[in-house]
Structures are given as C-alpha cells and as structure tokens.
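First up is the structure itself, then whatever we jot down about it.
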Amino acid sequence: MTSTAQPPQPGAREAHPDHLGHVIFITAAAAMGGFLFGYDSSVINGATVAIQDRFDVNADMLGWIIATALLGCAVGAAIAGRVADRIGRIRCMQIASVLFAASAIGSALPFAAWDLTVWRFIGGIGIGMASVIGPAYIAEVAPPAYRGRLASFQQAAIVVGIAVSQLVNWGILNMADGDQRGEIGGLEAWQWMLGVMVVPAVLYGLLSFAIPESPRFLLSVGRAAEAKKVLAEVEGTTVDVDARAAEIERAMHREDKSTFKDLLGGKFGFLPIVWIGIFLSIFQQLVGINVIFYYSNQLWQSIGHDPSSSFLYSFETSIVNIVGTVIAMIFVDRIGRKPLALIGSAGMAVALFTMAWAFSYRTGSGDDVSLPHGQGLVAIIAANAFVLFFALSWGVVVWVLLGEIFPNRIRAAALGVAASAQWLANFAITKTFPSMSEWSLTGSYIIYGAFAALSIPFVAKFVKETKGKTLEEMG
C-alpha cells in the first residue's frame, strides 16, 4: 500500500523535553520489566545445584525446570500486544507484575519439581508481557532525539537485575554458611533466593501507577486531550502537540489495528520486515548469552572452582555486563544501531571460539574436573569478553530496533511475534545446555560462536539504520 503519511512536523526529530528527568523516570519505570527478567535469569543460576539435589532430577529435567519459564515468556510476549491494544500499556504492566509476584511466592514454596516448573511458567508469562510492553511503551513516549538511549534502559534494567540478584544470592548464601540448601528461618537458602523476587515484582506494579499512559494508546481510544498533555510532557512545549497528535493519528489510521493476519503476505509467509525482527531476536539468543546467566555457577564449578569462587566469577561477569550496557547507551544514538551490532558480532565470535579452545583442555570426570591454570584463566577472560561484546551491542541494539523497525500499523503484533521468537530461542538454548555441556563444552561454544559469526552477514545485508528517525517515518 502506498503511504499517504505527511512528513514529520518540524522539530519532531529535535524535540527536547522541558523536564528530561521526568522522561527518564517514566522510561526507567517501564523498563522494570527488564529488571524482572534479569533478576529471574540470574537468581535461578544461584539455585540450580540445590534444586537438582533437592528434587533428585537429572540434567534433562533440570533443563526443563529452568527453561519452562521461557515458554511462559513466549506465551506472554505473544498475547501482550493485543492485551495492550485493548486495555492499555499500563494495565498490561500491572497484570505482568501480579503474575510475577505470584510466581515468586509459589517458586519459593514448591512441594515437587513439577510444582516449581508450573510456577516458573506463570512467572514467565508476566516477564514475556513486560518484555513486549517495555520497549513498545518506551518507543512511544521517548522523544526521537533521545529514543535510542532511552530504549537502552530495557537492557540496562536487565543487567542491573542480574547484578542485584547475584548480590542478593551471595548474601543469602553467606547467611546459610555457603550451603545452597542451608536453612534460614525454616526455609532453605535457594527458596529465599527465589522468594525475594516478589520485591521487584511489587515495585514494578507500584511504579506503573506513577507513569502516564502511552499517547498513541490514548489517541486510539479517543482521549486526545490526555494524549496531548503526555506529548507536551515528554517532547517539550516547543513542539506543536496538536500537529504531533494529528501526525500520530494519521499514521495509526492508515490501517486497522494490527493483528497476526496483518503480518502475513511476504514470499515466505511473514512480511520481510517481520522476518528481520524474528531473526534479530533469534540470533540474540543463539549466541548462548543466557547460558552464562542461567548456568555460570554450575559451569565454573564443573571445571573445578568451589561454590564461593563461582559466585564471585558470576558477579564479576554481571559487572562487565553493566559496563558494556553503559557503553552501548552512550554510542547507540551516536554511531547507530547497525555499526554496534556488527562490532558486537565479531567480538562475540572471537570470544566464543576462544572459550571453546580453552574448554578443550578440560580433564577429569564427574565431580573431579579441572582446567590447566593457563586455559582456566583464558576461559574466564574470554567469557567476560563475550559478555562485554554482547552487552555493548546485541543486548541493547535488538531491544532498540524491535521498538523502531516496524511500521505503526503492525508494530504491536510484529513486536509480539519477534519477542515470542526470542523467548523460544532462549528456551531452546537454556533447555539443551545441561545435556550439551555433558556432551562437550567445546562443541557447545563452537556452535554458539558459529551463530555469532552468521549474524554478521545478516546484519550487513538486511538490517537498516533507524537512528534519528521518528516512529511515523517507519511507515
């Protein structure tokens, strides 16, 4: 269909809010959904050994317990767009908060492995919903001149969630004298680790009451006066809010509200732009980044490090993750999304192949395994380099691009499909790693490195730069 959209109003690209701090607060509150995902990713890392011991499950079943949350995430991501279009972005955030809080309590008090699995699935639905609504909401309220940096808050929240959960896990482990199954107040340490997740879940829900609804949703339900008020808050009084509201309405009314059917029509089923979003999501996960965050304690223990040291290495990695994310936030609006993605892909590939080489020197079997000192040091450095390159590139860039690349008429539905693909890919990697690591750590990291290398030609050929464009310019 030929676009009839008017060009962006003068000043839209350069809109500067009168109170940038207020816009940052709104963005940070919406990004708390990312914090929940990061917290859950890393908090379960501290409990895997205890869960396997408590319920006497094998590596395959442990993979199911850990990864089932990601199936829930796929479901939550798939339904979030429609829920948000019907009842609003804020209400969707509040539903996600309730689901995750319930999951935290249930996960802390399971009576069997299947019970724990169900609660993690429920929490996953909440995280999946938040993973879609966060980037979409931020993209809709952020001024174009700041949108890349503000959209980066989603990934920043994820990495902060990872770091905070590592600190909490470390504190709980010390209270239990270094034993994940040690008792504290009648519960085992790992149960406290999972139960504490209720705190960020409730905070996310409370913050959702303190931020405005998306102006695009408000306009879609006829609340124009409220929409213009929000636009004035986030884009500044120098922008003609009447003209901006009219521009947004024209973009929305070119087509009906997005549905799954709107995404179809390309040569291979989906429209080409939808496939690009799907492959961005898949590549982000197939490099194996969440293996580091879900299983790093178990990984370092599997090559001879004691539990205390493994927690230290995992926390160190989370700090590297934060540093990389800050670098991305600084440069995503300066050098663009595409260059960062290419730099990250190359760096990740080198780091992953180096890890594969180091793990090829693993000796021993069962509980008596180790790496030579030199290779062990290389493995740790390469793992941190991998996390750094991921964080300064794909960790941030994918979330930014998914909030930007889709035309307005299909954005909500397309983002839901892309996010679902991301969670399914995450599930596949998380579920298979325990068994793959028993097969070959070297082989596992060669596979992840190959996907990092394959992402380079994909980005170079198919991904277009979106830096500095308004959402309405996307179509």
Side-chain angles (χ1 to χ4, degrees), residues 26-44 69-104 107 119-142 150-162 164-165 197-211 213-214 217 281 284-285 290 293 395-396 398-400 402-403 411-413 415-424 426-427:
I26 291 172
T27 302
M32 271 295 293
F35 183 94
L36 296 182
F37 168 51
Y39 199 98
D40 178 75
S41 298
S42 196
V43 78
I44 197 68
L70 303 171
L71 291 180
C73 289
V75 172
I79 65 174
R82 179 158 293 189
V83 172
D85 282 342
R86 286 179 179 270
I87 64 175
R89 282 57 166 153
I90 301 301
R91 290 287 178 267
C92 193
M93 293 179 193
Q94 291 162 356
I95 291 172
S97 168
V98 170
L99 290 172
F100 194 76
S103 169
S107 297
W119 285 114
R120 285 188 54 73
F121 179 81
I122 291 171
I125 295 175
I127 294 173
M129 293 177 70
S131 75
V132 170
I133 296 309
Y137 174 88
I138 292 168
E140 290 176 353
V141 300
L150 293 176
S152 303
F153 275 46
Q154 175 78 4
Q155 180 65 16
I158 292 174
V159 300
V160 170
I162 290 169
V164 170
S165 70
M197 291 190 295
V198 74
V199 176
V202 170
L203 179 60
Y204 179 49
L206 293 175
L207 285 172
S208 70
F209 287 97
I211 60 178
E213 183 54 86
S214 158
F217 173 75
S281 292
Q284 189 199 48
Q285 297 303 317
N290 283 310
F293 298 127
V396 166
V398 169
W399 288 112
V400 173
L402 290 182
R411 179 169 293 113
L415 186 52
V417 168
S420 293
Q422 186 174 123
W423 292 119
L424 289 173
N426 192 342
F427 170 80

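Computed from a predicted structure; not experimentally measured.
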> Would F35 and L203 count as a side chain to side chain contact (heavy atoms under 4.5 Å, CB included) if you check the C-alpha gap in whole Å, the side-chain angles of each, and the deciding distance to 0.1 Å?
Replying inline: CA-CA 11 Å; F35 183 94; L203 179 60; over 6 Å; no
> Closest approach of C92 and I133, non-hydrogen atoms and distance?
Replying inline: SG-CG1, 3.4 Å
>> List the residues meeting side chain to side chain contact (heavy atoms under 4.5 Å, CB included) with S97, not counting sequence neighbours, and say none if there are none.
In response: Y204
> Is there a side-chain contact between I95 and I87 (heavy atoms, below 4.5 Å)?
Replying inline: yes
> What is the distance from atom CG of N426 to atom CG of L70, rounded to the nearest 0.5 Å?
Replying inline: 4.0 Å
> Looking at I211 and A29, what are the two nearest heavy atoms and their distance?
Replying inline: CG2-CB, 3.6 Å
>> Minimum heavy-atom separation for E213 and Y137, please, with both atom names.
In response: C-CE1, 4.2 Å
> How many angstroms lie between atom CG of L99 and atom CG of L36, to the nearest 0.5 angstrom?
Replying inline: 11.0 Å
>> Which heavy atom of S214 sits nearest to which heavy atom of E140, and what is that distance?
In response: OG-OE1, 2.6 Å
> From Y39 OH over to M197 CE, what is the distance, rounded to the nearest 0.5 angstrom?
Replying inline: 8.0 Å
>> Return the CD1 to CD1 distance between I125 and I79, rounded to the nearest 0.5 Å.
In response: 6.5 Å
> Are any non-hydrogen side-chain atoms of I90 and F217 less than 4.5 angstrom apart?
Replying inline: no
> Nearest heavy-atom pair of I122 and S103: which atoms, and what distance?
Replying inline: C-CB, 4.4 Å
> Looking only at atom types and distance, does a side-chain atom of S107 sit under 3.5 Å from a main-chain N or O of A104, one as donor and one as acceptor?
Replying inline: no
>> For L424 and L71: C-alpha separation, side-chain torsions, deciding distance, then whether side chain to side chain contact (heavy atoms under 4.5 Å, CB included) applies.
In response: CA-CA 6 Å; L424 289 173; L71 291 180; 4.1 Å; yes
> Can you find a pair of side-chain heavy atoms, one from Q94 and one from F209, that are under 4.5 Å apart?
Replying inline: yes
>> Minimum heavy-atom separation for A31 and A157, please, with both atom names.
In response: O-CB, 3.0 Å
